[in-house]
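Only one structure is covered here, and it is reproduced in the block below.
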Amino acid sequence: MRVRFAPSPTGALHIGGARTALFNWLLARHEGGELLLRIEDTDRERSTVENVEQILDALRWLEIDWDVGPILQTARSQRHGEALQALLDAGHAYRSGATADDVKAFKLLHGANRGFRGAEEPDGAVRLHVPNEGATVVHDVIRGETTFENVHLDDPVIARADGSVLYNFAVAIDDLDAGITHVVRGEDHLSNTPKQLLVLEAARAVGLDRSGGRPPSPLPIYAHLPLLHGPDGKKLSKRHGAASVQELRDAGYLPAAVRNYLALLGWGAGDDATVLSTDELIERFTLERVSRNPARFDETKLKWLNGLYIRNLPLSELTQRLEEFTGRTGLEQAARISQEKIHTLADFLPLAGPLLDGPAEDPKARERWLGDDGRAALAEARGALEQAPTFDEGSLEQALGAVIERRGAKPREVYQPLRVALTGTTISPGIFESLVLLGREEALRRIDGALAARS
RNA sequence: GCCGCUAUCGUCCAGGGGACUAGGACGCCGCCCUCUCAUGGCGGAAACCCGGGUUCGAAUCCCGGUAGCGGUACCA
């Protein structure tokens, strides 16, 4: 088995593209096949080398590796030219000066009952001859058979007048030459498949599948994946938050969690399993279990899953990822006490930052917890902290517990003023853990600051 | 417009003629745990798009409608 992922470098790698890459990768790894990476850069207007780099980056971040490539489609222009000429010579394709407007006018006149057939002219763009009779049938592992009546199909332009080839031609020739056995891609390509099948048919008729003396290859098996939509059911876009892999990374998601979540979009293990390691995904992935319905990208569920993955990370790895993400060092203790409270790497600094960098500014929190009662409790807590025999979680809990008891207070009536004094806010890691992280001296300093702030 | 794909809780995924009182997960609601926020535990609300047909029996098969989406480029 040989599959391919073939993005076009007209932008960053989108989540939909990432899902397609993942499914191809899971399939190849499950079957012990090969994954080929091909960059479809025949769109001269929109393809850029920066985008190519970004796509490779995104795949590497996702830890999706490939066995062959990356192959640039434009690097194969010589072969494309030969193949094109072969079809031209054999009369499977022809040149025509007809423009897109001509096609539109033709459709207006004839409706859908006739596909556009151009006049053969000495020069102009190259169109493929589509027969008026018969039908082209796409056999799809996921969708079964889809029949396209040839008479509905326009003769597609397969190359510009200057000989540079277009997608529907290049993709067919490249898949043929690369010996691709399974074409797994988004459903948006389903309607293009008959054109590619027709190109393939013509290519095989002139012996292009036997170029270089190789044996003729069978047609690839097709699998068209359901599309991914934004939370509103519309096409995924910037408006939906993280739409590209880069944005997912910047939002603090873990690659393993992203793979797990993406695998669940359009596929299910079949036994209600939701949390699946990458090994399990590889083990269990089959095309037969891919669903036909479009799926919506729901960041809430990703967030939950990511939180789960973060909680299951060894502390050393979490620390390393947090340090990489924030560009800081010495985060291990803060990471330890934040681990079960964050859902993304990006949640870390808002939670633990005040501990590390000094109290946050939150007037509401001060007003609510550092009034007269709060300050009285805080002053008493300060004394207990100063007196505590050792400054570890156990003895602090004991010392502060005694304060609570003595005052006949609810625990929060002591802990919240203390928390606000320490961090400036009402949300933080556990109070004892936070105290230990700060150390006695710094903790007392912050408490004194809070007591002095306003009388 | 035309061609095509799709249709189960708000979302994702099961179920594919009787085992359905339709299952799991996220989210939501309630309770418990609790120093805040989380985590964890327990419980709850929540769906077979509509209409015909086939059948003893339809969420499941067929047809139609509707809706969503894709394609209809000298984009991919």
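Residue numbers start from 1 in every chain, and the chains themselves are labelled A, B, ... in the order their sequence lines are given, proteins ahead of strands.
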Check whether any side-chain nitrogen or oxygen of [X] sits under 4.0 Å from OP1 or OP2 of [N], and answer yes or no.
{"X": "A:His189", "N": "B:rC5", "value": "no"}
{"X": "A:Asn293", "N": "B:rU8", "value": "yes"}
{"X": "A:Arg292", "N": "B:rU6", "value": "yes"}
{"X": "A:Arg296", "N": "B:rC69", "value": "no"}
{"X": "A:Arg289", "N": "B:rA14", "value": "yes"}

Non-hydrogen side-chain atoms of A:Tyr261 and A:Phe297 separated by less than 4.5 Å: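 Answer yes - side chains close enough.
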Given the structure, check if the side chain of [X] and the base of [N] hold any donor-acceptor pair shorter than 3.5 Å.
{"X": "A:Asn192", "N": "B:rG71", "answer": "no"}
{"X": "A:Lys195", "N": "B:rU72", "answer": "no"}
{"X": "A:Thr274", "N": "B:rG24", "answer": "no"}

5' priority, RNA chain B, between A:Asp272 and A:Phe432 [closest heavy atom]: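 In this pair, the answer is A:Asp272.
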Closest-nucleotide ordering on RNA chain B, the 5'-leading residue of A:Ser96 and A:Gln416: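 Whichever sits nearer the 5' end wins; that is A:Gln416.
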Basic-acidic side-chain contact under 4.0 Å: A:Arg321, A:Glu317: yes
Aromatic plane relationship, A:His189 with A:Tyr167 - under 30° parallel, 30 to 60° tilted, over 60° perpendicular: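 Rings of A:Tyr167 and A:His189: tilted, 30 to 60°.
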Watson-Crick or G-U counterpart of B:rC49, or none if no pair lies under 3.5 Å: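 Check on B:rC49: paired to B:rG65, both distances under 3.5 Å.
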